[in-house]
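Hydrogens, waters and symmetry mates play no part in the numbers below; they use all other heavy atoms, side chains included. Keep in mind that this is a model prediction, so the values were computed, not measured.
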Amino acid sequence: MSDATTTDLYEVTMAMSYLREGMTGPATFSLFVRDLPPERGFLVAAGLDSALDYLSGLHVGPEDVDAFASAVRRPRRDLQPLLGLEFTGDVRAVPEGRIVLAGEPVLEVTAPLPQAQLAETYVLNQLSHQSTIASKAARCVLAAAGHPLVDFSLRRTHGPQAGFQAARLGAMVGFAGTSNVAAATSLSIPAVGTMAHSFVEAFATEEEAFRAFARSHPGPVTLLVDTYDTEAGVRIAARVLRDLDRAARGPGSAVRLDSGDLGDLAVRARSILDDAGLPDVGIIASGGLDEYAVDELVRSTVPIDTYAVGTRVGVSADAPYLDSAYKMVAYDGRPVMKLSSSKVTAPGPKQVFRRPGYADVIGLADEQPPGGGRPLLETVMRGGQRTGTRPTLDECRERFTADLGGLPSAARRIRAPVPPRATASEALSALAAHVRRHIEEQTAVAARSSVPERTVPGPHGPVSS
């Protein structure tokens, strides 16, 4: 089976029905986030590269048809029309690394209806998850206020692929390295790490463990000092590091604090290291950190040089999902919209125009930009093929850095941020009002025609009322 089967069952049943009904006209679907999670002032668009890989490789083969037939409990011949289905459509999207707001289309797919429908689950999964993690990591970068951050999330992310993505997304928003060897090697980013407490426990004494580690890793040397008594561990580490000359231990040597009151312990550790003549030895903090904890430590001006963030960031613990949606906005030249309570959508293919101060305007795709506005969505796939080269991690990082620099300070706050709100253009608002009236009129007519006439008794038989 291929990734074509990584989809929700109803995508298959809808695609099958569309093919049986001959409904293969072009459909446009828009992917957006309805509302930001609490404590989020912005989102970072991510996951596009994975989505394009999926779309460019989408092909329903014989094994996929067998799987579909088994899942829907129908004869294989009923699913046969799906055999050979590939993605031949166009994609417009916000490039990875750009900052986006609630309600703004992050991606729009235009393709024959069965193709666009079948792609929903995978595309939504990739953009939702990766934008969630990228946004969490970006907040850590803001909290760190220039201090290096490293990713330690792999062991507790929701699977190895999610761990790889967390490492990549961290690097995209400015992390200095990752403990994930596969990600570091594949993405050409620094691999970082120290030792586990088990390494210290394996030796008879802490000092023996530190000296053995220093012999195996001649520099830079980072020693984990909180296996037993943290202050004593720092003193032992200082003795071991001092016995190595500066050239041998190399620049970047450090001690790592992983538990307890990190702020207080960092102050004590800094004093011990300085008294030992080791002002060049840094302090790394880890252990359940996220942007909230990092923000508090940085604001307290404690002498921590590098922050290692793991579980809480790799799973975005405080906001682990986005209220994202992938909704049809046009079919065969006809704009469509959803009127469900609290889930109303806007019709027609769209564009987002970024104006200074994030006074964004959501308009129709063929509109002219409003004054000072620049379009965010770019054509990234045409006829099922990518339209340009795969963007590098550096290019994504440059986009993020530029967008972050223009974000209002209230949206950048770690606690109680105030997100900017995009507005709809006049043309989009007019189209939405027109489509809504048309739907409501049709619904009213259909409702009246479905109610049977009421009869009342008369002198010569029933009479319609």
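In summary, E296 and R415 engage in a salt bridge, as defined by a charged side-chain N under 4.0 Å from a carboxylate O. The existence of a salt bridge linking D403 and R399 is excluded, since no basic side-chain nitrogen approaches an acidic carboxylate oxygen closer than 4.0 Å. A salt bridge is defined here as a Lys NZ or Arg NE, NH1 or NH2 lying under 4.0 Å from an Asp or Glu carboxylate O, and D318 with R40 meets this definition.
Taking the side chain as every heavy atom from C-beta outward, L273 and I283 approach each other to under 4.5 Å. Residues Y54 and Q126 have side chains not in contact (no heavy-atom distance under 4.5 Å, counting atoms from C-beta outward). A 4.5 Å side-chain heavy-atom check between Y10 and E120 finds at least one atom pair inside the cut-off.
Across all their heavy atoms, F29 and M328 have their closest contact at CD2-N, 3.4 Å. P220 approaches P251 most closely through the heavy-atom pair CB-O, 3.2 Å. Here the closest heavy-atom approach between residue V281 and residue V255 is recorded as CG1-N, 4.2 Å. In terms of heavy atoms, S135 sits closest to L43 at OG-CA, 3.3 Å. The two residues P349 and E108 come nearest to each other via the heavy atoms CA-OE1, 3.4 Å. Shortest non-hydrogen contact noted between A46 and A134 is CB-CB, 3.9 Å.
For the atom pair CD (E104) and NZ (K350), the distance works out to 12.5 Å, reported to the nearest 0.5 Å. Going from atom OG of S342 over to atom CG of D35 covers 9.5 Å, rounded to the nearest 0.5 Å. Taking CD of Q351 as the start and CG of L376 as the end, the distance is 6.5 Å to the nearest 0.5 Å. Here the straight-line distance linking atom CD1 of I99 with atom OH of Y358 works out to 4.0 Å at 0.5 Å rounding. Distance CG/L118 to OG1/T7: 5.0 Å, rounded to 0.5 Å.
Results of the side chain to side chain contact (heavy atoms under 4.5 Å, CB included) test with V329 over P347, S30, P335 single out S30 as the only residue that passes.
Side-chain contact annotation: T392 with D394, donor-acceptor N/O pair under 3.5 Å absent. Side-chain N/O atoms of Q115 and T88 include a donor and acceptor closer than 3.5 Å.
Open room surrounds CD on Q385; 12 or fewer heavy atoms of other groups in view lie less than 6.0 Å from it.
Within the structure, salt bridge (Lys or Arg N to Asp or Glu O under 4.0 Å) pairs that include any residue of residues 156-170 comprise E96-R168 (at least two apart or interchain). Note on residues 383-393: pairs passing salt bridge (Lys or Arg N to Asp or Glu O under 4.0 Å), not counting sequence neighbours, are D49-R386, D49-R390, D53-R386, D53-R390. The stretch residues 161-203 participates, sequence neighbours left out, in these ring pair (Phe, Tyr, Trp, His ring centres under 6.0 Å) pairs: F199-F203, F199-F213.
Side chain of T157 to main chain of L154: a donor-acceptor pair is present (N/O by atom type, distance under 3.5 Å, no hydrogens or angles). Looking at D90, its side chain does come within 3.5 Å of a backbone N or O of G383 through a donor-acceptor pair. Remark: the backbone N or O of A416 is paired with a side-chain donor or acceptor of E39 at under 3.5 angstrom. R139 places no side-chain N or O within donor-acceptor distance of the main-chain N or O of G41, the cut-off being under 3.5 Å. Judged purely by atom type and a 3.5 angstrom limit, S271 has no side-chain atom pairing as donor or acceptor with the backbone of V267. Proximity of a side-chain donor or acceptor of E63 to a complementary backbone N or O of M1 within less than 3.5 Å is detected. Here the side chain of D8 pairs no donor or acceptor atom with the backbone of T121 at under 3.5 angstrom. Within the 3.5 Å criterion, the main-chain N or O of A182 finds no donor-acceptor partner in the side chain of S186. A donor-acceptor pair is defined here as one N or O able to donate and one able to accept, closer than 3.5 Å; no such pair exists between the side chain of D64 and the backbone of A4.
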Q: Tell me, with the steps shown, if R239 and R211 meet side-chain contact (heavy atoms from CB on, under 4.5 Å).
A: CA-CA 10 Å; R239 184 162 62 244; R211 292 191 182 280; 4.2 Å; yes

Q: Take V91 and T387 through the side-chain contact (heavy atoms from CB on, under 4.5 Å) test and state the conclusion after the steps.
A: CA-CA 10 Å; V91 179; T387 57; over 6 Å; no

Q: Apply side-chain contact (heavy atoms from CB on, under 4.5 Å) to L322 and T132, showing your working.
A: CA-CA 7 Å; L322 294 177; T132 297; 3.1 Å; yes

Q. How far apart are the C-alpha atoms of V302 and L262, what are their side-chain angles, what is the distance that settles it, and do they pass the side-chain contact (heavy atoms from CB on, under 4.5 Å) test?
A. CA-CA 9 Å; V302 296; L262 295 174; over 6 Å; no

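Taking the six-membered ring for Trp and thresholds of 30 and 60 degrees, H147 and Y307 have ring planes more than 60 degrees apart, a perpendicular arrangement.
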